[in-house]
Amino acid sequence: MNPRPSSSNKSHPHALVMSMISLAVLSLIGSAHAQEASKPAAASESRLDTISVTGFRASLETALRAKRDENSIVDVIKAEDMGKFPDTNLAESLQRVPGVVIDRDAGEGRSITVRGLGQDFTRVRINGIEALATTGGTDSSGGANRSRGFDFNVFAADLFSSLTVRKSSSADIDEGSLGATVDLQTTRPLDLKAGFTGAMSLKGMYNDLSGKTTPKASFLLSNIFADKKIGVLFSGAYSKREVLEEGFSTVRWDNGPSSGGWCPPQGATIAPGTTLPTGSTATTCGPAANGVPRLANTPANQAAYQEASKAENFHPRLPRYGRLTHDQERLGLTGSFQIKPAEGTLVTVDMLYSKLDATRKEDFLEAISFSRSLSQGGKPQTSVLATEYAPNGALLYGKYNGVDIRSESRFDQLSTTFTQPTLTLEQDLTDTLKLNARFGRATSKFRNPIQTTTTLDAANVQGYEMDFRSSDRLPILNYGSLNPSDPNGGLKIIGVPVGSASISNFTPSEVRIRPNGTTNTNDLAHLDLAWELNEKLTLKVGGDFKKFKFETYEARRTVETMNTLPAGVTQANLVTSLTGFGKGQSIPAGTITSWVLPDLNAISSAYDIYCNCLKTGAAGGPGDYTLTSTTNANARGNNRTVTETDSGGFAMADFASELGGIPLRGNVGVRYVKTKMTADGYLATAGGTPVTAENSYDDWLPAINVAANLSKNLILRGAAAKVMSRPQLANLSPGGTLSTTGTLTYTGGNPLLKPFRADTFDASLEWYHEKNAFVGLGLFQKNIKTYIQTVKTNLPYNQTGLPMSLLPPGMTGEEVFAVTSPVNTNGGKLSGFELNIQQPFSFLPAWGKNFGALFNYTYVKSQIEYIVSPTSTATITNDLINLSPRSYNTTLYYDDGTFSARVSGSQREAYLTRVPGQNNNDVEGKNKTFNVDASISYKVNDKLDITLEGVNLTNQPNDQYISSQRDSVVVNNVTGREYLIGFRYKF
């Protein structure tokens with residue numbers, strides 16, 4: 001099954017094939033010209049060899065050399081110069097690596113997927129220490145990161161000197177990855193050749209959607225003294241970013257009978273799958289006192305109602321225009337101290353600090369009836385005046401009466417603080433015996449102390465229209481009898497009278513307050529010994545100890561509705577306005593470009609919403625602003641901890657040999673690791689009962705990497721390994737709902753999960769046919785033996801991992817419970833190939849020789865069986881979550897040492913984000929993206945460079961969809977193009 005409909009998911013291979021053929025031909029031409037160029041005298045060759053290459057070409061050259069020299073299969077990105085990385089964002093640099101694709105939040109790279117395996121399956125190490133940096137995003141981009149995935153947008157790229165993506169495993173690399181291990185390395189002073197040296201840069205960033213210009217600055221200072229035995233380095237980076245994100249979203253689609261179905265016209269035959277709302281009369285839907293009128297009994301009304309009520313016809317749940325305002329401020333600092341106190345001894349102390357502070361304001365104008373039940377005044381009170389659907393069941397046009405409209409505004413204050421001290425010791429014990437030791441702690445603290453949503457509402461609006469006929473991504477929304485931009489109009493606070501608990505058949509206006517946070521801590525100690533027996537064999541043994549702790553919390557109000565206006569407060573005092581929506585988006589004529597918003601500061605003052613107290617009425621009512629956590633059913637699940645203690649060791653041999661005259665090198669070894677896990681959560685019993693569960697498992701993980709030099713410039717590599725990745729953190733919580741009376745059930749996490757396990761196989765052929773030129777083909781397969789999905793199974797209580805103390809007297813633990821939780825299931829195969837070409841056009845005459853190109857293409861396929869329902873054994877077979885079957889990156893560059901320019905394009909094919917989909921849909925996913933970035937720099941002299949950059953030049957939308965057949969829009973937002981101009985100075 002394709003991730004999205006075949007009609008819109010057709011690949012366009014001709015451009016890719018032509019690009020591949022062209023680059024391959026250029027490579028062959030270049031090789032031929034290189035051979036011709038080798039004929040002149042040796043003196044000419046010597047002059048060529050001594051040319052000093054700097055800038056972008058130099059970074060490509062050193063990265064290619066590092067890749068070639070490795071025994072394992074890796075890809076490397078190097079900084080162009082001190083404190084100067086090729087891209088403004090780490091994730092956006094990583095997408096240049098074959099097999100790596102990225103996901104964005106607020107237009108900026110946030111997470112990566114490697115060879116079809118998402119962020120939960122990719123480990124990140126900083127200076128050799130495993131780290132987990134997390135931050136908060138929009139709900140549609142995953143929200144607050146409570147997973148094992150690494151958020152790359154926490155860091156400025158200029159803090160790092162190299163990125164290495166390790167695609168094959170070796171015994172000396174920590175376990176935990178099915179996809180890849182990414183090594184981030186900060187700059188160290190003894191890596192630099194000069195004594196005292198430094199660099200600084202200053203840029204202005206302009207976003208064409210927000211119209212804002214913000215600063216970006218970085219510096220690096222380094223000194224080497226005491227006869228090159230001591231080195232000190234400091235670097236820092238600061239940036240501010242103000243971005244708007246605008247577009248249309250739906251919060252998914254659902255079918256005709258959902259939420260109780262539509263309000264039938266008078267005398268209509270009730271559509272299958274729906275019932276007439278309780279209390280309805282001949283002329284109203286719902287009780288006469290608060291119901292809405294039914295339409296007249298006409299053939300047109302009857303036909304529209306029946307068509308809209310079909311189970312195969314779908315409509316948006318919350319159709320809405322939206323503007324998100326992102327303000328980000330990022331500060332990063334590194335420090336490195338190195339000393340050689342004696343011959344053969346090197347001590348390195350690294351410190352990394354990063355702080356990401358942000359605010360985000362989300363403003364929506366939405367129709368809320370289409371996803372709500374009768375008790376909320378929703379869909380059963382909405383009448384269909386006219387409607388039209390596409391053959392695939394997607395709504396094309398609809399006109400409705402009795403539609404509730406909401407203006408919703410959410411404000412988030414967010415921060416992530418990351419710290420990591422690292423101590424590294426490299427000690428030569430003898431001429432052939434070397435000790436390496438690393439100790440460090442990586443801590444990431446994400447805090448979202450303010451997450452507040454306020455609303456204005458208008459009930460039962462007549463004549464509301466949705467029109468997708470001119471665009472399936474940005475429809476025309478007509479609000480009928482409502483003027484959304486009138487501050488004294490229908491959009492207002494509809495609250496619950498003081499002393500009442502609710503109002504009938506309507507969802508009152510709301511104040512949602514949901515502070516939350518997550519802390520991740522990694523403590524690591526590593527020790528290894530390397531014994532060089534001879535030039536061709538080195539034995540290594542080592543041990544590792546790691547303690548990882550994950551803590552997350554959240555609090556909410558018990559009831560999130562609000563009271564009517566306080567005495568002396570007028571409606572006009574509590575509203576503000578949004579204007580200028582749709583800039584540069586080619587929005588359809590007639591689209592609303594302004595609307596009234598709730599004013600958070602004014603509402604906060606009038607209602608005292610942050611008092612954390614009972615203001616009016618009964619506890620737990622609309623006047624209660626007390627925040628609760630573990631006793632609150634809606635917040636309880638996000639109060640949990642997981643602690644993992646991993647201990648193990650490895651034995652490995654690095655070898656160099658020959659087979660039939662062919663030089664061989666590589667490594668072979670095995671890693672053993674034992675994982676002990678303790679998970680804490682809360683059950684729903686007794687208003688929140690703390691529960692702790694424990695689990696342990698061990699793994700033997702053999703690995704082999706072999707590289708054969710078939711000729712001087714042709715390398716054949718092969719690798720095989722057993723790998724494992726620990727379960728997602730959310731699935732390990734023992735918290736949930738336990739019923740020990742009537743039907744015995746448990747719904748929650750599963751702390752007894754086994755890890756993901758797989759056998760991996762890699763092969764690659766690499767041709768380094770001339771200096772700085774490369775053609776490579778890589779093949780890979782991962783046989784995923786264990787996967788994790790949520791299913792319903794019958795288990796004795798004593799096999800659930802829950803404590804016996806939760807059972808009532810008389811139960812023994814042998815009782816069989818219906819358990820709905822994550823379980824280990826069969827996985828499937830993942831396989832694919834990567835083509836990688838790097839070609840300088842040195843064979844061209846004159847200035848043409850300064851051009852060059854990079855190109856890579858990745859194809860991945862997988863077949864995973866997904867459980868359709870916890871209560872069914874039926875499965876559907878589809879791609880792995882986050883897997884884009886095809887992706888490619890291409891860069892054309894020019895670099896003559898004085899003037900440098902490059903333009904890069906990255907395409908990622910559509911991929912799935914959820915299987916099965918929600919709300920009667922088969923899948924959810926994201927559509928294809930194509931991003932273009934460009935950079936120009938001019939070297940005024942040896943010290944000063946002038947730079948100009950463009951990011952997201954295609955203004956690529958974040959296009960999320962639901963349903964493989966309909967490709968119905970879920971989110972279609974843009975963030976604008978960004979331009980950076982500035983200078984860089986070295987001294």
Side-chain angles (χ1 to χ4, degrees), residues 62 64-74 76 125 127-129 162 164 166-175 181 183 185 188 190-191 193 228-229 231 338-348 350 422-440 524-545 648-673 700-710 712 715-721 762 766 768:
T62 54
L64 203 59
R65 187 183 307 121
K67 175 182 177 67
R68 182 173 184 168
D69 292 344
E70 274 277 355
N71 285 338
S72 302
I73 298 174
V74 304
V76 182
R125 303 192 305 180
N127 297 330
I129 300 295
S162 70
T164 301
R166 300 184 179 277
K167 296 178 177 177
S168 68
S169 297
S170 58
D172 60 339
I173 301 298
D174 303 354
E175 77 294 331
T181 296
D183 277 320
Q185 181 65 55
R188 289 170 169 170
L190 297 185
D191 294 337
K193 297 179 181 179
K228 297 184 179 181
K229 293 181 179 179
Q338 292 184 290
I339 184 171
K340 296 179 178 179
E343 187 69 26
T345 302
L346 174 61
V347 178
T348 303
D350 294 307
T422 306
L423 172 65
T424 304
L425 170 65
E426 301 171 57
Q427 177 67 57
D428 292 338
L429 301 177
T430 69
D431 290 343
T432 59
L433 188 63
K434 186 172 183 178
L435 168 72
N436 287 284
R438 284 193 306 274
F439 308 90
L524 185 140
H526 169 88
L527 184 71
D528 71 68
L529 288 168
W531 181 23
E532 184 180 340
L533 274 70
N534 52 54
E535 293 182 355
K536 295 186 176 182
L537 182 62
T538 299
L539 300 180
K540 293 182 180 179
V541 294
D544 292 277
F545 175 84
F650 71 92
M652 187 178 83
D654 285 324
F655 61 86
S657 183
E658 286 190 1
L659 181 63
I662 297 176
L664 297 178
R665 57 188 169 88
N667 57 63
V668 59
V670 63
R671 168 174 286 271
Y672 169 80
V673 61
W700 289 92
L701 305 171
I704 183 172
N705 292 271
V706 179
N709 286 71
L710 302 182
K712 180 181 178 181
I715 301 175
L716 175 65
R717 298 182 188 270
D762 294 87
E766 302 169 0
Y768 301 84

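Remark: L524 CG to F439 CZ distance equals 9.5 Å, nearest 0.5 Å. Note that the CD atom of E532 and the OG1 atom of T432 stand 7.0 Å from one another [nearest 0.5 Å]. Rounding to the nearest 0.5 Å places CG of L527 at 8.5 Å from CG of N436. We find the CD-CG distance between E426 and D428 to be 9.0 Å, quoted to the nearest 0.5 Å. Note: I704 CD1 to S72 OG = 11.0 Å, rounded to the nearest 0.5 Å. Between the OG1 atom of T430 and the CG atom of L435 there is a distance of 11.5 Å, given to the nearest 0.5 Å.
Minimum heavy-atom separation, G661 to P663: O-CD, 3.6 Å. When all heavy atoms of A171 and M652 are compared, the pair lying nearest together is N-SD, 3.9 Å. Across all non-hydrogen atoms, the minimal contact from I129 to R438 is CD1-CB, 4.5 Å. Residues F650 and D528 approach most closely at CZ-CB, 3.8 Å, considering heavy atoms. Shortest non-hydrogen contact noted between L537 and N534 is N-OD1, 2.9 Å. Between R68 and R665, the shortest heavy-atom contact is O-NH2, 2.9 Å.
In D431, the CG atom is not crowded: 12 or fewer heavy atoms of neighbouring residues, nucleotides or ligands sit closer than 6.0 Å.
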Stepwise, does the side-chain contact (heavy atoms from CB on, under 4.5 Å) test hold for K434 with L529?
CA-CA 6 Å; K434 186 172 183 178; L529 288 168; over 6 Å; no
Could you give me the CA-CA distance, side-chain angles and deciding distance for T348 and Q338, then say whether side-chain hydrogen bond (donor to acceptor under 3.5 Å, both in side chains) is met?
CA-CA 4 Å; T348 303; Q338 292 184 290; 3.0 Å; yes
For K540 and D172, what are the C-alpha separation, side-chain angles and deciding distance, and is it a side-chain contact (heavy atoms from CB on, under 4.5 Å)?
CA-CA 8 Å; K540 293 182 180 179; D172 60 339; 4.1 Å; yes
Stepwise, does the side-chain contact (heavy atoms from CB on, under 4.5 Å) test hold for N709 with I662?
CA-CA 6 Å; N709 286 71; I662 297 176; 5.6 Å; no
So E766 and K67, side-chain contact (heavy atoms from CB on, under 4.5 Å) or not? Walk me through it.
CA-CA 10 Å; E766 302 169 0; K67 175 182 177 67; 3.9 Å; yes
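Side-chain contact check for N705 and N71: no donor-acceptor pair (N or O, by modelled atom type) lies under 3.5 Å. If you check the side chains of Q427 and T345, you find a donor sitting under 3.5 Å from an acceptor. Judged by distance alone, the side chains of S162 and Q185 never bring a donor and an acceptor atom under 3.5 Å apart.
Within the 4.5 Å cutoff, the side chain of D174 has heavy atoms near those of the R671 side chain. Side-chain contact between I339 and K229: absent, with no pair of heavy atoms (C-beta onward) separated by less than 4.5 Å. Side-chain contact between L425 and L423: absent, with no pair of heavy atoms (C-beta onward) separated by less than 4.5 Å.
Formation of a donor-acceptor pair under 3.5 Å by the S168 side chain with backbone atoms of I73 is found in this model. Proximity of a side-chain donor or acceptor of R125 to a complementary backbone N or O of I173 within less than 3.5 Å is not detected.
Salt bridge annotation for D762-K167: absent, with no cationic side-chain nitrogen under 4.0 angstrom from a carboxylate oxygen.
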